[in-house]
Structure formats: C-alpha cells, structure tokens
Peer 1: 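My questions will all concern the structure given below.
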There are 2 protein chains.
Amino acid sequence: METSSRRQPTLDEVAARAGVSRAAASRVINNVPHVSAAKRAAVEEAVRELGYVPNNTARALASRRTGTVVLAVSSDEPGLFADPFFAEVTVGVSSFLEQTDLELVLLLANTARGKERLRRLLSSHRADGVMLMALRGDDPLGRLAEQTELPVVFGGLPMAGTPRWYVDPDNRGGGRLAAEHLVGRGRRRIAMITGQPDLQAAVARAQGFREALTLAGLSPAGVEAGHFTQTGGEAAMERLLAEQPDLDAVFAASDGMALGAMRALRRHGRRVPEDVAVVGFDDLAGALYSDPPLTTVHQPVRALGHEMARSLVAAVEGEDPNPLILPTRLVVRESAP
Amino acid sequence: METSSRRQPTLDEVAARAGVSRAAASRVINNVPHVSAAKRAAVEEAVRELGYVPNNTARALASRRTGTVVLAVSSDEPGLFADPFFAEVTVGVSSFLEQTDLELVLLLANTARGKERLRRLLSSHRADGVMLMALRGDDPLGRLAEQTELPVVFGGLPMAGTPRWYVDPDNRGGGRLAAEHLVGRGRRRIAMITGQPDLQAAVARAQGFREALTLAGLSPAGVEAGHFTQTGGEAAMERLLAEQPDLDAVFAASDGMALGAMRALRRHGRRVPEDVAVVGFDDLAGALYSDPPLTTVHQPVRALGHEMARSLVAAVEGEDPNPLILPTRLVVRESAP
DNA sequence: CTGAAAGCGCTAACAA
DNA sequence: TTGTTAGCGCTTTCAG
C-alpha cells in the first residue's frame with residue numbers, strides 16, 4: 001500500500017536550494033521572525049521552484065500539535081447526520097476553520113466501533129480539540145469529554161452538568177416564543193410534539209413552552225414525544241389527535257416533526273391553520289417550502305457551527321472558558337399567521 | 001499552545017513493561033505474525049494496563065501513510081454542503097470508513113482559500129486518498145485530480161474526460177424514467193427545470209429526458225435552468241409559466257427544485273397533479289412530506305457515498321480502476337400519480 | 001521468531 | 001540573526 005512513488009521535496013532540499021540552513025528555511029515557512037530579508041526571499045524562491053508543501057505529519061510529530069480538530073456526532077441513529085441541521089452546522093464549522101490552518105475530521109459515532117473510536121480519541125491526544133454534538137442523556141462519552149485534557153466544546157448542552165465550553169441555542173426561550181405566539185393568536189387548546197426526553201434541547205424547548213402556557217393560565221392540550229424526524233412528528237400527531245380531537249394548535253420541537261404533523265393533520269381533514277395552527281422549530285430550508293409555509297422558531301444553526309469552531313480554537317489556545325447562548329426568534333408564516 | 005501535560009504511554013513503555021523489544025510490541029499491535037504466543041499475550045497485557053493508544057502521527061510519519069482520506073466538495077456556493085444530498089452522501093461514506101481505520105477529513109472548498117487548500121492537497125501526499133464531488137465544468141481541480149498520483153475517486157462525473165475511478169448515479173436513465181412516466185400518464189406538454197449547464201449531472205438528466213420525449217414523438221414544452229435549490233426551482237417555474245402557460249407537466253432535476261416549482265404553481269392557482277404533474281429527482285426525505293407527496297426519481301445517495309469510500313480504499317490499495325454506475329428508479333407518489 | 005539500528009520530515013531549544 | 005543538535009513515536013529493513 002505504497003501511496004507515492006515520486007517523492008515530495010523536503011525542507012532540507014528547499015534549504016539546500018536556497019543556500020541556507022534548514023532552521024532558517026523552517027523559520028521562513030512558519031513566518032517566524034529572526035530571518036534576514038535576503039534569506040527569506042531566497043527560501044521563498046526555492047519553495048516556489050520546487051513546489052514545496054510542508055509535510056503535515058512530520059510537523060505534527062515534531063510540534064506535538066496535530067493541526068486537526070474533530071466534529072463528533074455521537075448517536076444511535078445511523079442516519080442522524082443526514083438531518084439538514086447537522087449539515088448546516090458543519091457548514092458553519094467549516095466556514096470558521098477555513099480562516100485557520102486546521103483540518104476538520106468528521107466522526108459519526110453511531111455504532112459500537114464508532115463510539116469506541118471516539119472514546120479512544122477523547123482519551124488520547126490525536127487531535128487538537130473536539131466539538132461534540134447530539135449527546136444523549138445516558139451517553140458515557142459526556143463524562144469522558146468533561147474529564148479529558150483535550151479541549152472539548154459541546155454543541156448543545158448535555159443532560160447533566162455544565163461543561164466548561166459550550167455553544168447552545170436558546171431552546172427554552174424559543175419554546176416560550178412559540179407558545180406565546182399561539183396564545184396571542186387566540187389558540188387555547190395547544191398541544192406539543194416534543195423530542196426524546198434524554199435530549200437536553202427537547203427538554204428545554206418543552207420547558208419554555210410549558211412556562212409560557214402557565215403564564216397565560218393555560219395548560220398543554222397534550223404532549224407527545226417522538227424522534228426529531230418527519231416520521232416521528234407524524235406518529236406523535238396521530239396520538240395527539242386520538243387523545244385530544246379538539247386541539248386547535250400544535251408546537252413541534254423541530255421543523256421535520258412539524259411537517260410530519262401537517263401530513264397527519266391533512267390526512268384527518270384538518271386544515272392548517274384554520275383548524276389547527278402549527279409552529280415548528282429550526283427554520284431550516286424546508287420550512288419555507290412546505291404547504292402552507294411553516295411558522296417556526298428560528299435558531300442560528302450555521303452560526304452555531306461557526307461559534308463552536310471559534311470556541312474550540314480559543315480553548316485550544318488556552319483562553320478562559322466562554323460559554324455561549326445564541327438567540328432564537330419567531331418567524332411567522334402561514335401555518336400559524 | 002501546548003495540547004497536553006500528562007503524557008501518553010509510548011510503545012517503548014509498553015515493550016519495557018512486557019519485557020520485549022519495541023519491534024515485537026509493534027508487531028503485536030499491528031497484528032503482524034512472527035510473534036510467539038507468550039510475547040503476544042504479554043504485550044496485550046501491557047497495553048491494557050497502561051491504556052496504550054498508538055500515536056497516529058508517528059505511525060503515519062514512519063509508515064508513509066496518513067490513515068486519512070478526504071471528502072472534498074469543490075463549489076462556489078458557500079452553503080452547498082447544506083443540501084441534504086451531501087449530508088446523505090457523507091453518511092454513506094462514513095458508514096463504509098467505519099469498517100476501516102481511516103479517518104474522514106471534510107474539505108468544503110468554496111472560497112479561494114479553500115480551493116487553494118484542496119489544490120495543495122492534490123499536489124502533495126497529505127492524505128491517502130481523496131473523494132471529489134460537485135465539480136463544475138470549469139473547475140481546474142478536475143484536471144489536477146486526474147493527474148495527481150494520489151488516488152482520487154470522483155463522486156459524479158466531471159464535464160470533460162472520464163476519470164479512472166468514479167461512482168455516478170444513472171442520471172441519464174433517471175431523466176428517461178421521468179419523461180416516460182409523464183408521457184405514459186397522458187401528459188403532452190412537458191417542461192423541464194434543469195440544473196446549471198456546467199454540472200454533468202444536470203446535463204445528463206436533461207439528456208435522458210429529451211431522449212425519451214423524442215422517442216415518444218414529443219419535444220419539451222420548455223426547458224429552464226436554475227440552481228439545484230428550491231429558490232432556483234421556483235424562479236425557473238415562473239419563467240416556464242410565462243413562456244408556456246398551457247404546460248401540463250414538469251420534470252425538475254432535483255427534489256428541491258420540484259418543491260420550489262410546486263410553490264410557484266400553487267401561487268398561480270395551478271393544481272398539482274390535476275393541472276400540472278410534477279416529477280422530481282433525488283428522493284430525499286423532503287419528497288415524501290411535501291404536499292402533495294412528490295413523484296421522483298430515486299437515486300441511491302447513501303450508497304453513492306458508501307461506494308465512493310469503498311472505491312477509494314480499493315484505489316489506495318492499488319486495485320485496478322472499477323468505475324461504478326448506480327441505478328435510479330421511479331417512485332410514484334401523488335404529484336404525478 | 002527476534003532485536004538492533006536507521007530513519008520518516010520537521011520543530012525547537014540552545015549555543016554561537 | 002544564525003546554525004547545530006536532539007529528538008517527536010513509530011515502522012521497517014536487516015541480520016541473527
């Protein structure tokens with residue numbers, strides 16, 4: 001399994017060509033001062049002529065820095081990453097890392113093997129830092145991540161404990177916004193489709209929702225939990241309709257769930273929004289193109305990724321922890337005008 | 001920027017602990033034969049006791065293999081990767097790599113910096129191989145990718161030339177299926193919303209579509225190009241309606257475009273499918289949950305990723321090129337029953 | 001089957 | 001501002 005035949009030029013060759021020591025060449029290439037202009041120019045020239053590209057591996061070994069950060073999604077659902085949410089986060093992460101020299105390693109840990117890999121990663125030093133997402137309540141990786149000396153930034157909070165570094169959307173506030181909007185529009189029999197109870201985001205959204213209802217003197221017309229997917233939302237809506245046929249609004253903890261709910265409502269002959277108003281959460285691309293377009297709680301998903309990456313770099317550079325809560329806001333469309 | 005303080009155990013320490021030479025320890029850890037059972041056991045024991053994890057960087061430097069493959073998406077649209085298509089491909093790639101010891105590096109090259117990084121990657125040997133997607137017709141990285149000695153697998157064909165290794169869905173066949181279906185359902189004024197003409201997938205889908213129409217003695221009621229997005233599809237549909245108000249069907253080159261088209265149709269008071277039948281391409285999650293559910297050409301997106309990774313590993317291991325065309329099939333739903 | 005020895009290509013003291 | 005000197009931790013001949 002020999003990867004190459006034609007060898008890449010080495011730093012020594014560049015140095016020889018430029019007529020300087022390897023140390024000087026190294027300094028130029030790493031933009032370290034203490035090099036005369038003449039030497040600098042000579043080295044740059046040699047680099048160009050030889051087409052020199054530094055060998056990252058050797059650099060990593062010598063400097064004890066890998067030049068690599070990991071985005072890890074720990075989950076039991078193999079296809080979880082296919083949720084547009086993660087793609088959008090990834091774009092945000094990448095947009096920040098592009099300004100640095102760090103490489104992004106993607107680790108989708110949804111099998112025993114994958115989890116073991118993540119475990120080894122967290123207990124070794126094979127990356128400069130880790131961004132960790134989608135942690136479930138019972139995931140032992142949470143503890144491990146908080147104990148390791150490797151810098152770790154949580155995307156979304158774990159169920160228990162508060163990590164040193166995290167970036168989290170204001171889920172509770174978002175849940176509140178959704179409920180307030182529906183109440184303000186005169187709805188009174190408001191149900192909720194929440195996510196699995198071992199996901200902090202799901203719990204927080206439901207909590208905000210309940211708080212706002214209570215403040216309005218109402219209580220939920222029903223709460224059903226499901227997966228953060230269209231199928232999950234559809235099934236939950238079916239159950240809600242069975243329990244509370246007279247509900248006049250529903251708040252779903254994700255846009256996907258809201259779409260599934262609308263499908264169930266349609267099948268039951270309920271008009272949206274006339275009979276039942278629907279509010280989602282996320283404001284991903286699908287929300288605008290559903291029929292009717294979905295009123296939803298916007299969370300800044302791409303910014304979430306961007307800030308996770310920024311935080312991680314700060315953590316790697318030894319800055320003091322600076323947890324971040326990103327604001328959410330309501331986007332009103334026709335499903336709950 | 002010191003990443004660690006507590007040092008990881010080294011192979012030497014393991015060897016010392018097990019009372020064997022470093023070479024022997026190395027053999028055990030890499031499952032190389034020529035080690036006595038006794039020594040093997042002793043090393044395994046030491047590994048467990050010390051919690052030894054091999055240092056990938058050192059291993060890579062010594063073995064001249066990085067243990068890393070890159071999934072590169074070269075594009076000018078910063079958010080392209082947010083398309084569910086790529087997320088699904090990524091899941092497929094990851095599902096294959098999980099069976100290996102390879103790490104997945106994600107390189108979203110949508111800025112000058114990102115492209116430069118990809119260029120350097122292709123002209124150096126800083127990864128064991130590269131999977132390259134979304135190449136546009138004019139992308140100079142295409143040539144570079146075909147010339148480099150680094151194993152490269154194309155996900156989707158480039159506009160010009162045929163790479164040694166690629167995995168491509170049967171786009172042309174898919175386009176044909178869509179047209180045949182619409183013709184078979186009695187539609188006669190069939191338009192198409194195609195993708196940008198510098199994307200091979202868009203061209204191939206349009207080509208198949210035209211072929212099937214011709215075979216049926218028809219010609220397109222109009223063809224408009226747009227971005228592979230909902231917005232792109234919506235705008236293209238608007239233009240088609242302006243040109244050909246009497247069209248009775250439309251084939252969109254992606255599900256996203258089809259959703260956008262349905263939105264435009266709705267706004268113009270056209271019923272789907274009664275007035276205008278709509279067929280999409282992809283069969284991503286959104287297709288099932290649109291209203292009405294979308295008839296679409298299914299392409300095995302996750303499998304595409306899986307096969308790209310499998311091919312890359314084969315390429316890295318020096319096997320002979322084995323390009324792959326994956327089948328597409330029609331999924332009939334209510335937008336074109 | 002085993003171990004010694006020679007690097008992989010680069011960085012980082014340190015002394016000059 | 002320079003160059004010399006040791007490694008970083010592992011793999012891989014090569015003799016034994």
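Reminder, nothing fancy here: chain letters follow the sequence lines and each chain counts from 1.
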Peer 1: Determine, for B:Glu307 against B:Arg310, whether the closest basic-nitrogen to carboxylate-oxygen distance falls under 4.0 angstrom.
Peer 2: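 Yes.
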Peer 1: Can you tell me how far P of D:dC8 sits from CD of B:Gln8, to the nearest Å?
Peer 2: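 Distance check: B:Gln8 CD to D:dC8 P gives 15 Å.
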Peer 1: Nearest whole Å is fine: how far is D:dC8 C1' from B:Asn56 CG?
Peer 2: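 Distance check: B:Asn56 CG to D:dC8 C1' gives 14 Å.
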Peer 1: For the backbone of A:Val32 and the side chain of A:Asn30, can you confirm whether one donor and one acceptor N or O come within less than 3.5 Å of each other?
Peer 2: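 No, because the side chain of A:Asn30 does not come within donor-acceptor range (under 3.5 Å) of the backbone of A:Val32.
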Peer 1: Between C:dA12, C:dA4, C:dG9, which nucleotide gets closest to the side-chain atoms of A:Ala23?
Peer 2: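 The closest nucleotide is C:dA12.
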Peer 1: More than 12 heavy atoms of other residues, nucleotides or ligands under 6.0 Å from CZ of B:Arg164: yes or no?
Peer 2: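 Open: at most 12 neighbouring heavy atoms sit under 6.0 Å from CZ of B:Arg164.
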Peer 1: Side-chain N or O of A:Asn30 less than 4.0 angstrom from OP1 or OP2 on C:dT11?
Peer 2: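 So the side-chain polar atoms of A:Asn30 do come within 4.0 Å of the phosphate oxygens OP1 or OP2 of C:dT11, strictly under.
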Peer 1: A:Leu11 CG to C:dC8 P: how many Å, rounded?
Peer 2: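 About 14 Å, once rounded to whole Å.
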Peer 1: Nearest whole Å is fine: how far is C:dC8 C1' from A:Leu61 CG?
Peer 2: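 It is 9 Å, rounded to the nearest whole Å.
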Peer 1: Without decimals, in angstroms, what is the distance between A:Ile29 CD1 and C:dA12 P?
Peer 2: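 After rounding, the reported distance stands at 14 Å.
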Peer 1: On DNA chain C, compare the nucleotides closest to B:Ala62 and B:Ser21; which residue's is nearer the 5' end?
Peer 2: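 That would be B:Ser21.
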Peer 1: Determine: side-chain N/O of A:Ser26 to OP1/OP2 of C:dT11, distance under 4.0 Å, yes or no.
Peer 2: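 Answer yes for this pair, as a side-chain N or O of A:Ser26 is under 4.0 Å from OP1 or OP2.
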Peer 1: Looking at A:Thr66 and A:Ala60, would you say the former's side chain and the latter's main chain have a donor-acceptor pair under 3.5 Å?
Peer 2: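 No, the answer is negative, given that no donor and acceptor are paired below the 3.5 Å cut-off.
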Peer 1: Is it true that B:Asp128 and B:Arg64 make a salt bridge, defined as a side-chain N closer than 4.0 Å to a carboxylate O?
Peer 2: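 Salt bridge absent between B:Asp128 and B:Arg64.
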Peer 1: So does A:Arg126 get a side-chain nitrogen or oxygen closer than 4.0 Å to the phosphate oxygens (OP1/OP2) of D:dG9?
Peer 2: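 For D:dG9, OP1/OP2 do not have a side-chain N/O of A:Arg126 under 4.0 Å.
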Peer 1: Under a 4.0 Å threshold between the charged nitrogen and the carboxylate oxygen, would B:Lys115 count as salt-bridged to B:Asp76?
Peer 2: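 Here B:Asp76 pairs with B:Lys115 in a salt bridge, since their nearest N and O are under 4.0 Å apart.
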Peer 1: Who are the salt bridge (charged side-chain N to carboxylate O under 4.0 Å, His left out) partners of B:Asp320, not counting sequence neighbours?
Peer 2: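 Result, salt bridge (charged side-chain N to carboxylate O under 4.0 Å, His left out) vs B:Asp320: none returned.
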Peer 1: What I want to check is whether an N or O donor and acceptor connect the side chain of A:Arg27 with the base of D:dT1 at under 3.5 Å.
Peer 2: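 Result: no qualifying N/O pair found.
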Peer 1: With no angle test and no hydrogens, is the base of C:dT11 tied to the side chain of A:Arg22 by a donor-acceptor pair under 3.5 Å?
Peer 2: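 Check passes, donor-acceptor contact within cut-off.
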Peer 1: With a 4.0 Å limit, can you tell me whether A:Arg64 has a side-chain N or O closer than that to the phosphate oxygens OP1/OP2 of D:dG7?
Peer 2: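 No, because none of the side-chain N or O atoms of A:Arg64 sits under 4.0 Å from OP1 or OP2 of D:dG7.
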Peer 1: If you fit an axis to the five pairs at each end of the helix from C:dC1-D:dG16 to C:dA16-D:dT1, how big is the angle between those two axes, to 10 degrees?
Peer 2: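 End-to-end axis angle for the helix from C:dC1-D:dG16 to C:dA16-D:dT1: 30°, rounded to 10°.
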Peer 1: A side-chain contact here means heavy atoms from C-beta on lying under 4.5 Å apart; do B:Leu104 and B:Met131 qualify?
Peer 2: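 Side chain of B:Leu104 against side chain of B:Met131, heavy atoms only: contact under 4.5 Å found.
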Peer 1: Kindly say whether B:Arg59 contributes a backbone atom to a donor-acceptor pair with the side chain of B:Ser63 at under 3.5 angstrom?
Peer 2: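 Here the side-chain-to-backbone pair exists.
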Peer 1: At a heavy-atom distance below 4.0 Å, what parts of residues 36-46 of chain A sit against DNA chain D?
Peer 2: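 Only A:Ser36, A:Lys39 qualify.
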